[in-house]
Amino acid sequence: MRLFIKYLIFSVIFLLCSCSSKKNVFSAQRNMAESFLGIEIQKDEDANFFIEASQWLGTPYRYGGTSKKGADCSGFVNAFYKDYYKIDLQRSSSSIFYQNCSAISRKSLSTGDLIFFAFGKSKSINHVGIYLKNDRFIHSTTSKGVVVSSLNDPYYKKGYKESGRVVSY
């Protein structure tokens, strides 16, 4: 239902702006992305990245899923990178880190970098998300699907394991 409402809002904005210029449509999409993601997009930032990310919000969690119909954490990251960057990543969160990324410090995070977590008894990487900005990241959770969270949230602070920058091959 949430996904339907999100698409309905985007459709209404598109229809209202369709008689306007492309610049006005883009501006409306940018404003919606800012609102949905809880960020402010600066002029020197890639607004299309944030617009694409916001369109994933509300996607339900589905184990093994890789689409907006349902995605697990690595499936979401994989699909986003394939669609937006045209880069194929490994399928599991730990494989993405060890085979597709170079490790970076948390202080070095930039928009589009990946954040890795180890939750539960496991000390191994078992969750991944995409860094947005200002300590916010987008990821797929088992309970709420694709959402935006803060790295400063105690749960994610405790589970934080690594940060990585995807290396193009």
Side-chain angles (χ1 to χ4, degrees), residues 1-18 22 24-89 91-93 96-97 106 109-117 119 125-157 159-160 163-166:
M1 185 66 174
R2 259 177 102 191
L3 190 57
F4 172 75
I5 292 170
K6 183 178 75 167
Y7 284 117
L8 182 62
I9 291 169
F10 274 114
S11 298
V12 168
I13 288 173
F14 179 76
L15 289 173
L16 290 174
C17 296
S18 64
K22 287 183 181 182
N24 288 342
V25 172
F26 180 76
S27 180
Q29 290 174 329
R30 178 189 179 117
N31 292 340
M32 291 294 287
E34 287 179 326
S35 176
F36 287 161
L37 299 174
I39 58 163
E40 187 176 324
I41 304 169
Q42 302 299 316
K43 289 183 180 183
D44 63 339
E45 293 177 315
D46 182 5
N48 288 318
F49 172 89
F50 297 108
I51 291 168
E52 176 65 25
S54 72
Q55 291 173 355
W56 280 87
L57 290 174
T59 297
Y61 178 86
R62 181 179 296 151
Y63 181 78
T66 60
S67 74
K68 290 179 184 166
K69 291 181 179 178
D72 60 21
C73 66
S74 58
F76 159 63
V77 169
N78 204 299
F80 184 92
Y81 259 77
K82 188 172 193 159
D83 291 346
Y84 192 77
Y85 293 115
K86 309 298 184 230
I87 295 174
D88 287 315
L89 300 176
R91 188 53 186 91
S92 73
S93 10
I96 292 170
F97 179 72
R106 183 173 163 182
L109 280 167
S110 295
T111 299
D113 287 336
L114 301 180
I115 307 164
F116 298 89
F117 301 88
F119 292 117
I125 291 170
N126 57 19
H127 188 67
V128 60
I130 302 172
Y131 187 74
L132 297 170
K133 64 185 279 186
N134 301 334
D135 287 331
R136 296 177 69 76
F137 67 102
I138 187 169
H139 59 125
S140 183
T141 67
T142 55
S143 61
K144 297 179 182 173
V146 177
V147 296
V148 173
S149 299
S150 172
L151 282 170
N152 297 318
D153 179 301
Y155 180 75
Y156 295 109
K157 254 185 180 176
Y160 174 82
S163 298
R165 185 158 294 144
V166 173

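Keep in mind the model is a prediction, meaning the values are calculated, not measured.
- If you take CG on D83 and CD on Q55, they are separated by 10.5 Å, rounding to the nearest 0.5 Å.
- For D113 (side chain) and R165 (main-chain N/O), no donor-acceptor pair under 3.5 Å exists by modelled atom type.
- Here the side chains of L132 and F50 are in contact, with some heavy-atom distance below 4.5 Å.
- Between the side chain of S74 and the backbone N or O of R91, at least one donor-acceptor pair lies under 3.5 Å.
- Between K133 and F49, the closest side-chain pair of non-hydrogen atoms is not below 4.5 Å.
- Note that CD of Q29 and OG of S54 are 8.5 Å apart. Values are rounded to the nearest 0.5 Å.
- I130 is listed as a side-chain neighbour of L114, based on a closest heavy-atom distance under 4.5 Å.
- Contact detail for V146 and W56: the closest heavy-atom pair is CB-O, 3.3 Å.
- Formation of a donor-acceptor pair under 3.5 Å by the S140 side chain with backbone atoms of A71 is found in this model.
- N134 places no side-chain N or O within 3.5 Å of a backbone atom of R136 that could act as its donor or acceptor partner.
- Between C73 and V128, the closest heavy-atom pair is CB-O, 3.6 Å.
- Side chain to side chain, R106 and S163 fail the donor-acceptor criterion of an N or O pair below 3.5 Å.
- The backbone N or O of I41 lies less than 3.5 Å from a partner atom in the side chain of R30, making a donor-acceptor pair.
- Put simply, the side chain of V77 reaches to within 4.5 Å of the side chain of L89, judged on heavy atoms.
- Here the options are F116, Y160, F117, the test is ring pair (Phe, Tyr, Trp, His ring centres under 6.0 Å), and the partner is F137; only F117 passes.
- Taking the six-membered ring where the residue is Trp, Y84 and F80 present parallel rings, their angle staying beneath 30° rather than reaching 60°.
- Ring-plane geometry between Y81 and Y85 is classed as tilted, the angle between the planes lying from 30 to 60 degrees on a 0 to 90 degree scale.
- With contacts defined as side-chain heavy-atom distances shorter than 4.5 Å, the pair K144/Y61 does not qualify.
- With a 4.5 Å cut-off on side-chain heavy atoms, L109 and D135 do not count as touching.
- Atom CZ of F76 sits about 4.0 Å away from atom CD1 of I138, to the nearest 0.5 Å.
- The closest side-chain heavy-atom distance from S149 to H139 is below 4.5 Å.
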